[in-house]
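Structure, as structure tokens:
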Amino acid sequence: MNSELLQTFLKIVEYRQISQAADSLYITQAAVSNRLHRMESLLGVKLINRVKGNNTISLTSYGTRLVPIARQWIQLSNQVDSLKEIGDYHVLTVATSLDINTAILSEIAPLALQDDSLLRLNIQTTDDLNIYNLIDNDLVDIGFSFIESTRHKIETRKIGQERLVLVTKPTSNYPDFVGTAMLSRYDELMIPYSDNYRKWHMLCWEDKIPPFVRLDTSLAVPQYLVNDRNWALIPESMARFFIKHGQPLRILHLMEKPPLLPLIAVSRPQRINAPESKKLAVKIQSELFKIQQDNNFI
């Protein structure tokens with residue numbers, strides 16, 4: 001039996017008038033009458049009594065007996081539809097930095113969603129310290145960070161590493177190969193990625209000198225490259241992202257190589273090996289490996 005026919009029948013029962021049943025369903029009276037006739041034909045019985053000149057209808061004995069059956073049928077049909085909607089989805093909650101989400105996760109997560117039609121992602125962008133706090137409080141399944149921190153009951157796993165590349169405006173007069181002595185701290189867009197990076201940075205530039213701009217993400221770097229002397233060290237994946245999306249940048253070769261940024265998967269031990277978390281981490285690892293093998297970019 002078609003649920004649409006049963007719903008129409010129940011509306012007729014509710015309003016006791018064909019016209020009002022039609023209005024509630026946003027269809028014509030003729031359509032309601034047609035559905036009622038189809039039901040009676042399918043069942044082989046008369047369901048309502050109509051009196052000429054009287055708009056109000058009454059139920060036959062068959063119609064009265066059908067009412068609880070129709071209501072139960074509709075209820076069961078709705079429950080079946082709910083099961084279809086809920087499905088056996090795997091909801092994976094991910095915490096990550098804005099840079100990692102922008103340049104790495106946004107490239108890989110759509111592929112993971114295509115591979116697994118039941119996967120659902122809940123992605124939260126936040127700072128590296130809060131990624132660990134969210135994991136610690138069991139509020140997310142897995143996190144991705146450039147910082148490795150030791151905490152009780154938290155497992156970290158290095159799944160890749162990022163090169164830092166030197167970028168300037170396309171109109172800058174810097175030579176293609178640059179030493180740190182040629183770069184002024186006053187012109188720098190500084191992003192303090194990690195303790196290891198900051199230690200290397202202090203060996204190259206006087207830390208007491210204020211940078212041109214201090215940022216907590218490299219996503220805003222192109223907007224802050226306001227003159228030809230400005231420069232920044234950003235993850236290679238971010239440089240690729242900017243160029244791919246039409247942001248004008250010039251890539252220079254820094255002779256003193258900065259330390260590589262480790263990409264760390266962070267989770268509780270029982271979750272880091274969960275199928276969905278593991279698949280996503282492996283995809284990220286594979287993508288970073290491809291980037292590292294491409295020597296034509298820098």
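Scope of the values below: all heavy atoms of this structure, side chains included, with no hydrogens, waters or symmetry mates.
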Heavy-atom pair of closest approach, residues [X] and [Y]:
X	Y	answer
Phe9	Ala70	CD2-CB, 4.3 Å
Met39	Leu5	SD-O, 3.1 Å
Ile154	Tyr132	CD1-O, 3.7 Å
Gly143	Ile131	CA-CG2, 3.9 Å
Ser3	Trp73	OG-NE1, 3.6 Å
Gln247	Pro222	OE1-CB, 3.6 Å

Please tell me whether [X] and [Y] are part of a single hydrophobic cluster in this structure, the criterion being side-chain heavy atoms less than 4.5 Å apart.
X	Y	answer
Phe242	Tyr224	yes
Leu43	Tyr62	yes
Met255	Val167	no
Leu105	Val91	no
Met190	Met182	yes

[X] side chain vs [Y] backbone, donor-acceptor pair below 3.5 Å:
X	Y	answer
Thr8	Glu4	yes
His37	Ser33	no
Ser218	Val221	no
Asp99	Thr217	no
Asp116	Leu113	no
Tyr174	Arg229	yes
Asn137	Asn133	yes

Would you call [X] and [Y] a salt bridge, taking side-chain N to carboxylate O under 4.0 Å as the test?
X	Y	result
Glu40	Arg38	no
Arg198	Asp207	no
Lys158	Glu148	no
Lys244	Glu107	yes
Arg163	Glu236	yes
Lys279	Asp115	no

query = More than 12 non-hydrogen atoms from neighbouring residues, nucleotides or ligands closer than 6.0 Å to CD on Gln72, yes or no?
reply =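 Not more than 12 within 6.0 Å, no.
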request  = Might you confirm whether atom CZ of Arg120 has over 12 heavy atoms from other residues, nucleotides or ligands at distances under 6.0 Å?
outcome  =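 Atom CZ in Arg120 is crowded, with more than 12 foreign heavy atoms closer than 6.0 Å.
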Side chains of [X] and [Y] only: does a donor on one sit below 3.5 Å from an acceptor on the other?
X	Y	value
Thr125	Asn101	no
Asn49	Thr60	no
Ser97	Asp128	no

Flag side-chain contact, heavy atom, 4.5 Å: [X] against [Y]:
X	Y	result
Ile142	Val266	no
Asp216	Leu98	no
Asp141	Val94	no
Tyr186	Pro211	no
Gln124	Val140	yes
Val213	Val226	no
Phe146	Pro235	yes
Arg250	Asp176	yes

ask   = Yes or no on side chain to side chain contact (heavy atoms under 4.5 Å, CB included) for His201 and Arg185, after CA distance, side-chain angles and deciding distance?
value = CA-CA 10 Å; His201 192 278; Arg185 171 86 158 145; 3.0 Å; yes
Straight-line distance of [X] [atom1] to [Y] [atom2], nearest 0.5 Å:
X	Y	atom1	atom2	answer
Arg65	Leu59	CZ	CG	13.0 Å
Gln285	Ile104	CD	CD1	12.0 Å
Leu121	Leu92	CG	CG	6.0 Å
Arg151	Arg268	CZ	CZ	11.0 Å
Glu162	Ile100	CD	CD1	8.0 Å
Leu164	Leu260	CG	CG	8.0 Å

query = Step by step, would you call Ile18 with Ile12 a side chain to side chain contact (heavy atoms under 4.5 Å, CB included)?
reply = CA-CA 6 Å; Ile18 299 292; Ile12 295 172; 4.0 Å; yes
request  = Quick one: sort the Tyr193 and Tyr197 rings into parallel, tilted or perpendicular, breaks at 30° and 60°.
outcome  =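 Aromatic pair Tyr193/Tyr197 classed perpendicular.
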ask   = Parallel under 30°, tilted from 30 to 60°, perpendicular over 60°: which one fits the rings of Trp200 and Trp205?
value = perpendicular
